[in-house]
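Along the sequence shown, residues are numbered consecutively beginning with 1.
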Amino acid sequence: MNMKRELTLTAAALCALPLFAKIELATPFADGMVLQREMDVPVWGKADAGKKVVVSFADARAETVAAADGSWSVKLPKMAASKESRVLRVAECAAGDKTDAVALKDVLVGEVWMCSGQSNTDCPIWGGSPRYRDGWGAMMLASTDKPFVRLVKTPLVASAEPRYGYKATWMKMTPALLDGFKKGQRMPSAMGYYYALELANALDIPIGLVDSSWGGTNIDAWTPRSGYEGLTGLDAERDWKNVGAKEWTDAMRKGPIGGWIQQPSALWNGMVAAYAPMACRGFIWYQGCHNAGEYARYCNKMHALYNGWAKEFKNPALKLYFVQLAPWGYKDIANIQMAQAQFDQEEPNAGMAVINDVGNLHDIHPNDKRTVAKRLSLHALRRDYGWTSVRDNSPTLKSWKVEGDAFVLSFNDAEGWYVYNPDRSMDIGFEVCGADGAWKPAKIRNLVESKDRQGNLQYQGPVEGKDLVIAADGVKEPVKLRYLHSAPWFGSLYSDACLPLGAFAIEKK
């Protein structure tokens, strides 16, 4: 190109050049990212006030003018999934002025999900502690090569105000992740890793997953203030005045808000707000241990979490697939499990994975995250991706009656039942009481009996019929029934779709 030609380039031509950039892009936009397919895709950032901003990707182009504060936002139109590595270009253009541009390399289009919660979300696919990593992690990292799956691990930061300006790092799901671990790189969530892998295996399209999680945190810290609108009983959280780390004192502690990082919205501000309103399908969530003592308020707190995320991501169809707590020895676990189940029933865009069979009474961090992610992925496959053959719901009680000395229970999402109790004990988790209020262990009367090699009766095998008939020796007139309300809190009763029954309780009026 000669000098005369270079000097007469039009502004439009300048906008096509990947020059050194002063223009700023928001947190999600970095090399290697995945854009959400089949949705309008917001792209936003900062530029010089009043300057035209042009965003282009593949055959799509959008432009706007930066506002007085420099902020700008456009939407790219809906796109099909693509593994093709392409460039997302953003340019600030003005005739006669210098042009600045950024070019993001290796951008794919597919399905994008967020992943959040406390330590059982944060628990890495592999790490230095044998008690805090996935049991399959090293094998999975070494043997999984899906470079079209991209993962982000958000740094641990709490903030009194929304934090912007930092950059996501999109990692490829390849064996190189294991080398990264050896060099000190923080590993992505095991649950998130397996969830992304399940979707990639099923859909064979790019998957992007952003992991913003932190151990020991409460639900309040992840909830945007906008989520509390219209909900009762959460005034203290909605009106909380956040302070910084230096201003925090122990006198400020209140319930699950035990430290400055646990203040309402502190982690939303520090680790999630910068991603909104990124186009994504939804988020997966595993939290509740820290809030277990306030089970009466937890259902409403989950509504606040979901409502806030849906509003801030500007997506009323945002999905929330979450994990019901696994047993870890907490005596009142059934109460918060039932609060989680209540939210699942009340929010049509939510789906709950029951995992009472994969807990560990000796460790609050069970190392089987693959089962957890598999059950979460069933919701997405059926509800979002058209896999009608998939059955994604654990059974829930539909109706019940008392016949003689037994409860007869009918369920949704169960065409049949089987019992698999690993220790082959007779403890199945049901209890029944009469008018005297004394709880007694109960049996499934229509379980097909089987015996072990020594001829002893064992609780293994199928159940006759679709209903469960539950009775306890010595209780002739049963009044109440409960399931998994006593130690060891483990489930061993499954539907014919291999999904466990969750804790519940009923009472005859």
If you look at every heavy atom in [X] and [Y], which pair is closest and at what distance?
X: V109; Y: R86; result: CG2-NH2, 3.9 Å
X: A266; Y: I261; result: CB-O, 3.7 Å
X: D40; Y: P77; result: OD1-CA, 3.9 Å
X: C115; Y: S189; result: SG-OG, 3.9 Å
X: V157; Y: M271; result: O-CG, 3.2 Å
X: A326; Y: I333; result: O-CD1, 3.2 Å

Heavy atoms, side chains only, cut-off 4.5 Å: are [X] and [Y] in contact?
X: W222; Y: L305; result: yes
X: R375; Y: P500; result: yes
X: D467; Y: L409; result: no
X: I444; Y: I470; result: yes
X: W126; Y: M140; result: no
X: L493; Y: Y418; result: no
X: V102; Y: E24; result: no
X: M171; Y: L177; result: yes

Does any N or O in the side chain of [X] come within less than 3.5 Å of the main-chain N or O of [Y], such that one atom is a donor and the other an acceptor?
X: D134; Y: K369; value: yes
X: K167; Y: A26; value: yes
X: R133; Y: G127; value: yes
X: N367; Y: Y132; value: no
X: Q287; Y: T217; value: yes
X: N120; Y: L325; value: no
X: R382; Y: T388; value: yes
X: N349; Y: P316; value: yes
X: Q263; Y: W260; value: yes

Under a 4.0 Å N-O cut-off, is there an ion pair linking [X] with [Y]?
X: D31; Y: K105; answer: yes
X: R186; Y: D122; answer: yes
X: K301; Y: E294; answer: yes
X: K78; Y: E38; answer: no
X: D204; Y: K83; answer: yes
X: D363; Y: R131; answer: yes
X: K398; Y: D413; answer: no
X: E237; Y: R225; answer: no
X: R150; Y: D106; answer: yes
X: K319; Y: D384; answer: yes

Tell me, with the steps shown, if E415 and S495 meet side-chain hydrogen bond (donor to acceptor under 3.5 Å, both in side chains).
CA-CA 7 Å; E415 296 300 316; S495 73; over 6 Å; no
Nearest-0.5 Å distance, [atom1] of residue [X] to [atom2] of residue [Y]:
X: N291; Y: Q262; atom1: CG; atom2: CD; value: 9.0 Å
X: S377; Y: L199; atom1: OG; atom2: CG; value: 6.0 Å
X: L267; Y: W214; atom1: CG; atom2: CH2; value: 6.0 Å
X: K172; Y: D145; atom1: NZ; atom2: CG; value: 10.0 Å
X: M352; Y: Y321; atom1: CE; atom2: OH; value: 14.0 Å
X: L108; Y: I205; atom1: CG; atom2: CD1; value: 11.0 Å

If you measure only the distance, is there a donor-acceptor pair under 3.5 Å linking the side chains of [X] and [Y]?
X: S213; Y: T121; result: no
X: Q324; Y: Q337; result: no
X: W268; Y: T223; result: no
X: N412; Y: T396; result: yes
X: E431; Y: S486; result: yes

Please work out which of the three classes, parallel, tilted or perpendicular, describes the rings of H303 and F343, given edges at 30° and 60°.
perpendicular
Can you confirm whether more than 12 heavy atoms, excluding those of [X], are under 6.0 Å from its [atom1] atom?
X: E346; atom1: CD; answer: yes
X: K374; atom1: NZ; answer: no
X: Y295; atom1: OH; answer: no
X: K75; atom1: NZ; answer: no

Go through the steps to decide whether F57 and V41 satisfy the test side-chain contact (heavy atoms from CB on, under 4.5 Å), and finish with yes or no.
CA-CA 11 Å; F57 179 74; V41 176; over 6 Å; no
Can you tell me which residue among T371, L381, I284 is in a side chain to side chain contact (heavy atoms under 4.5 Å, CB included) with L376?
I284
Hey, would you say the [X] and [Y] ring centroids sit under 6.0 Å apart?
X: W417; Y: Y494; answer: no
X: Y194; Y: W136; answer: no
X: Y330; Y: W328; answer: yes
X: Y195; Y: W113; answer: yes

With Y483, which of F430, F490, W489 fulfils ring pair (Phe, Tyr, Trp, His ring centres under 6.0 Å)?
F430
Could you please spell out the steps behind the side-chain contact (heavy atoms from CB on, under 4.5 Å) verdict for M338 and Y298?
CA-CA 10 Å; M338 291 194 297; Y298 194 75; over 6 Å; no
Could you go through S119 and H365, starting from their C-alpha distance and side-chain angles, then the distance that decides it, and tell me whether this counts as side-chain hydrogen bond (donor to acceptor under 3.5 Å, both in side chains)?
CA-CA 8 Å; S119 55; H365 304 124; 2.8 Å; yes
So, is the end of the R383 side chain (NZ or CZ) under 6.0 Å from the ring centre of Y385 and within 45° of the ring's axis?
no
